[in-house]
Amino acid sequence: MTETAYVGEHAAGVAARAVNVTKTFGKGETAVTALHEVSADIEQGRFTAIMGPSGSGKSTLMHSMAGLDVIDSGEVWIGDVELTSLKEKELTQVRRDRLGFIFQSFNLIPTLTAEENILLPLAIAGRKPDQAWVDRIIDTTGLRNRLTHRPNELSGGQQQRVACARALASRPEIIFADEPTGNLDSKASEEVLNFLQRSVREDGQTIVMVTHEPSAAAHTDRVLFLADGEIVDEMANPTADRVLERLKAFEMPAAV
Ligand SMILES: Nc1ncnc2c1ncn2[C@@H]1O[C@H](COP(=O)(O)OP(=O)(O)O)[C@@H](O)[C@H]1O
Ligand SMILES: [Mg+2]
């Protein structure tokens, strides 16, 4: 069942919006329609999960909403800016100044220390770090005594916490995380998810996270379910059990 009542009830506003987004890879007979007229609102100050089977279009939806993929048709909004109307340079600016990213593979710069990695996006944008804020992030992520370490001197969980701190340091309007716990064991996953959840609850950060793990989705406020390039359902205040039930239902058609 779709629990649409939740959206209007709690939403402070819309941080990002996809409107009838269609995205095809390739041409002719080998063309794959990864997204078929997908519309979705990402609520401000909320933790949203995107779930669905492998190949259902989760990453493509996230990349399209973040202006990393060029879409065939439809609109993508970040706040009040429509991305498809922007020139490449303006798009780069939006990504740099307004968005944060966390990837499954951490994507840290190996030659830089943890602290330098955390501050790098701000340095690239030519912005001065808000030291009190950066200190708070470093303490919350438990990285205080790891700041001078390079990525290869850190565990996977620590590296991903550095990536989270890096994404949060600039206080982006929205953070896009694509399977951020995909390479982590369950303890490290839990640490990263708890941290992301706190940044939403305590600091009003907006986060969208692709995941295929019900236990990860349970940390979020709302789940969008994708199947074959379409949003087929959503769930408010998910629990791991309810998400698992819902995913099982996809694999078993209603006729069964
Ligand atoms: N760069 C690409 N070139 C061709 N096909 C792609 C590309 N990226 C994704 N696809 C196809 O688009 C569909 C959706 O992929 P993706 O968004 O990565 O799914 P998910 O993240 O849910 O696993 C899949 O059929 C995939 O093979
Ligand atoms: Mg993916």
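In each ligand, atom 1 is the first atom listed, and ligand 1 is the first ligand listed. From a predicted model like this one, the values you see are computed outputs, not experimental measurements. If you read the sequence from its start, that first residue is 1, and numbering goes on from there. The figures that follow rest on heavy atoms only: side chains count, while hydrogens, waters and symmetry mates do not.
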Exercise. Consider only side-chain N and O atoms of S39 and E37, and report whether a donor and an acceptor are under 3.5 Å apart.
Key: no
Quiz prompt | Pairing of D203 and R198 as salt bridge, 4.0 angstrom limit | solution = no
Quiz item: Salt bridge between E90 and R98, side-chain N to carboxylate O under 4.0 Å?
Solution: no
Quiz prompt | With sequence neighbours excluded, residues passing side-chain contact (heavy atoms from CB on, under 4.5 Å) with T206 | solution = A15, I42, Q44, I174
Quiz item: What's the spacing between T220 OG1 and Q197 CD if we round to 0.5 Å?
Solution: 8.5 Å
Quiz item: Between T22 and D72, do the side chains contain an N or O donor and an N or O acceptor separated by less than 3.5 Å?
Solution: no
Self-check item: Those protein residues which place at least one heavy atom below 4.0 Å from ligand 1
Solution: F25, V32, A34, P53, S54, G55, S56, G57, K58, S59, T60
Practice problem: Please confirm if an N, O or S atom belonging to T60, backbone or side chain, lies less than 2.8 Å from the Mg ion (ligand 2). | Solution: no
